[in-house]
Number of protein chains: 2
Amino acid sequence: MNDTTPAARTAAPPRMTRQRAAVADALGDTDEFRSAQQLHELLRSRGDAVGLATVYRTLQTLADGGDVDVLRSEDGESLYRRCARREHHHHLVCRACGRAVEIDGPTVEQWSASVGAAHGFADIEHTVELWGTCAACRATDDRAN
Amino acid sequence: MNDTTPAARTAAPPRMTRQRAAVADALGDTDEFRSAQQLHELLRSRGDAVGLATVYRTLQTLADGGDVDVLRSEDGESLYRRCARREHHHHLVCRACGRAVEIDGPTVEQWSASVGAAHGFADIEHTVELWGTCAACRATDDRAN
DNA sequence: GGCTGTGTTGACAACCGTTCTCAACTATCT
DNA sequence: AGATAGTTGAGAACGGTTGTCAACACAGCC
């Protein structure tokens with residue numbers, strides 16, 4: 001009943017590949033939330049192409065490990081970004097370019113827990129995201145008009 | 001330059017049909033958020049079937065008119081429900097059954113506006129939803145174990 | 001009541017983001 | 001170098017949603 005691997009339970013020793021490095025690198029560059037498809041395209045245009053499926057897989061892995069934050073755009077697309085801090089936080093995101101600022105919802109955590117309890121709900125999670133148009137994008141917009 | 005219709009600008013006089021009534025009725029029944037597909041199935045099983053496309057269209061119309069609230073489930077599906085109040089509010093939603101309670105985020109409105117302004121963002125909107133498991137669903141769950 | 005004309009419907013195709021499949025590939029260990 | 005097992009990628013499949021368009025049915029009119 002003894003395992004051949006020392007780590008026993010965890011079946012998968014992760015492996016460093018060009019593709020994973022490329023995706024991680026692309027995320028490291030920016031403070032903007034990016035979709036899987038955008039990243040796929042970005043990598044392709046950079047010259048080190050990575051299969052779309054691999055981009056999705058890698059992002060999912062990174063997200064599971066807490067290395068990147070995921071959120072859903074207003075039309076349901078998943079957006080990814082590497083945030084400065086790993087602790088729970090929220091975002092103020094630009095609808096147009098994806099640029100984001102990490103913010104705290106000071107009272108949100110406690111509030112959500114107590115509201116949940118008050119109504120007999122358990123395992124409370126909360127979604128708190130702010131959307132807006134950043135100054136840079138507004139400038140671009142004005143110029144276009 | 002005069003129109004044949006009295007209302008001029010608004011090109012579309014809405015028309016009451018069996019289908020629209022059925023969808024509205026199905027929404028009136030419950031305090032649970034339901035997906036378009038669930039409603040479609042519900043109507044079919046009730047005997048007064050409505051085409052899936054029509055369900056989607058009707059829900060969209062109702063949502064645009066502020067007659068139903070829409071939110072995205074954790075896996076991206078759109079969920080609809082007729083809420084008691086039309087004013088802006090948030091929800092505490094059961095992950096399992098969709099049952100929802102309308103809640104206020106007392107300080108959220110002001111907070112989001114000021115955070116947005118502080119970072120030079122305009123047209124701020126916020127997404128604030130609470131997810132949990134309601135008492136009834138926990139009971140069902142326990143019984144299953 | 002019947003006519004008529006325009007908003008509405010529904011079966012089906014198309015779309016789009018995402019996940020699955022599986023044979024070829026390659027990082028890693030020996 | 002060779003063996004092993006995790007990884008990749010092209011393309012198919014999937015699931016929710018929207019578009020298409022000919023048949024249909026409300027609503028006003030005769």
Side-chain angles (χ1 to χ4, degrees), chain A residues 3-26 33-44 46-65 68 70-81 98, chain B residues 3-26 33-65 68 70-80 98:
Chain A
D3 270 283
T4 52
T5 58
R9 201 71 53 80
T10 59
R15 195 175 285 186
M16 184 48 60
T17 64
R18 174 185 69 78
Q19 291 85 340
R20 294 213 236 254
V23 172
D25 186 60
F33 273 90
R34 294 276 174 72
S35 72
Q37 317 235 24
Q38 283 177 321
L39 289 165
H40 171 64
E41 180 52 34
L42 173 64
L43 290 170
R44 213 173 60 72
R46 269 193 191 177
D48 56 352
V50 174
L52 181 57
T54 301
V55 174
Y56 274 107
R57 273 186 301 239
T58 305
L59 288 172
Q60 195 151 297
T61 304
L62 290 171
D64 289 348
V68 303
V70 195
L71 59 81
R72 299 269 190 168
S73 76
E74 290 178 321
D75 45 75
E77 209 176 0
S78 290
L79 302 176
Y80 306 83
R81 160 180 139 145
Chain B
D3 271 279
T4 52
T5 57
R9 200 72 53 78
T10 58
R15 196 175 285 187
M16 183 47 61
T17 64
R18 174 186 69 78
Q19 291 85 339
R20 295 216 236 256
V23 172
D25 186 61
F33 272 90
R34 294 277 174 69
S35 72
Q37 317 235 21
Q38 283 178 320
L39 289 165
H40 171 66
E41 180 52 33
L42 173 64
L43 291 171
R44 215 173 58 73
S45 71
R46 270 192 188 179
D48 55 352
V50 174
L52 181 55
T54 301
V55 174
Y56 274 106
R57 273 186 300 239
T58 305
L59 288 172
Q60 195 151 297
T61 304
L62 289 172
D64 289 348
V68 302
V70 195
L71 59 83
R72 297 271 189 169
S73 76
E74 290 179 321
D75 44 77
E77 210 176 359
S78 291
L79 303 176
Y80 306 82

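Within every chain, numbering begins at 1; the chains are lettered A, B, ... in the order of the sequence lines, protein sequences first and strands thereafter. No experiment lies behind these values; they were computed from the predicted model shown.
- The two residues Phe33(A) and Leu71(A) come nearest to each other via the heavy atoms CZ-CD2, 3.5 Å.
- Here dT18(C) presents its P atom at 15 Å from CZ of Arg34(A), a figure rounded to the nearest Å.
- Minimum heavy-atom separation, Val68(A) to Tyr80(A): CG2-CD2, 4.3 Å.
- Between atom OG of residue Ser73(A) and atom CZ of residue Arg72(B) there is a gap of 7.5 Å, rounded to the nearest 0.5 Å.
- In this structure, the separation between OH on Tyr56(B) and OG on Ser78(B) is 7.5 Å, given to the nearest 0.5 Å.
- Here the side chains of Gln38(A) and Leu42(A) are not in contact, with every heavy-atom distance at 4.5 Å or above.
- Here the closest heavy-atom approach between residue Leu52(B) and residue Ala36(B) is recorded as CD1-O, 4.5 Å.
- Distance Leu52(A) CG to dA12(D) P: 14 Å, rounded to the nearest Å.
- Atom CD of Glu77(A) and atom C1' of dT19(C) are 15 Å apart (whole Å).
- Residues Arg18(A) and Val50(A) meet the side-chain proximity criterion, which asks for heavy atoms closer than 4.5 Å.
- Annotation: proximity of residues 54-63 of chain B to DNA chain C (heavy atom, distance under 4.0 Å) is found for Thr54(B), Arg57(B), numbered in ascending order.
- The distance between atom CZ of Arg72(B) and atom C1' of dT17(D), rounded to the nearest whole Å, is 9 Å.
- The distance from atom CZ of Arg44(A) to atom P of dA10(D) is 11 Å, rounded to the nearest whole Å.
- For His40(B) and dT18(D), the NE2 to P distance is 15 Å, given to the nearest whole Å.
- Of the two residues near DNA chain D, Gln19(B) and Arg20(A), the one whose nearest nucleotide lies more 5' is Arg20(A).
- Heavy-atom nearest nucleotides on DNA chain D were determined for Ala36(B) and for Val50(A), and the one closer to the 5' end corresponds to Val50(A).
- One can place CG of Asp75(B) at 18 Å from P of dC14(D), the figure rounded to the nearest angstrom.
- For dT18(C), one of the phosphate oxygens OP1 or OP2 lies less than 4.0 angstrom from a side-chain nitrogen or oxygen of Ser78(A).
- Inter-residue side-chain proximity for Gln19(A) and Thr58(A) is flagged as unmet; no heavy-atom pair is nearer than 4.5 Å.
- At dG15(D), none of the side-chain N or O atoms of Gln37(B) fall inside 4.0 Å of OP1 or OP2 (strictly under the cut-off).
- If you take CZ on Arg44(A) and CG on Leu39(A), they are separated by 13.5 Å, rounding to the nearest 0.5 Å.
- Atom CD in Gln38(B) sits roughly 15 Å away from atom C1' in dT17(D) (whole-Å rounding).
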Between the protein and nucleotides 25-29 of chain C, which nitrogen or oxygen pairs come in under 3.5 angstrom?
from    : atom 1 : to       : atom 2 : distance (Å)
dA27(C) : O3'    : Met16(A) : O      : 3.4
dA27(C) : N3     : Arg15(A) : NH1    : 3.1

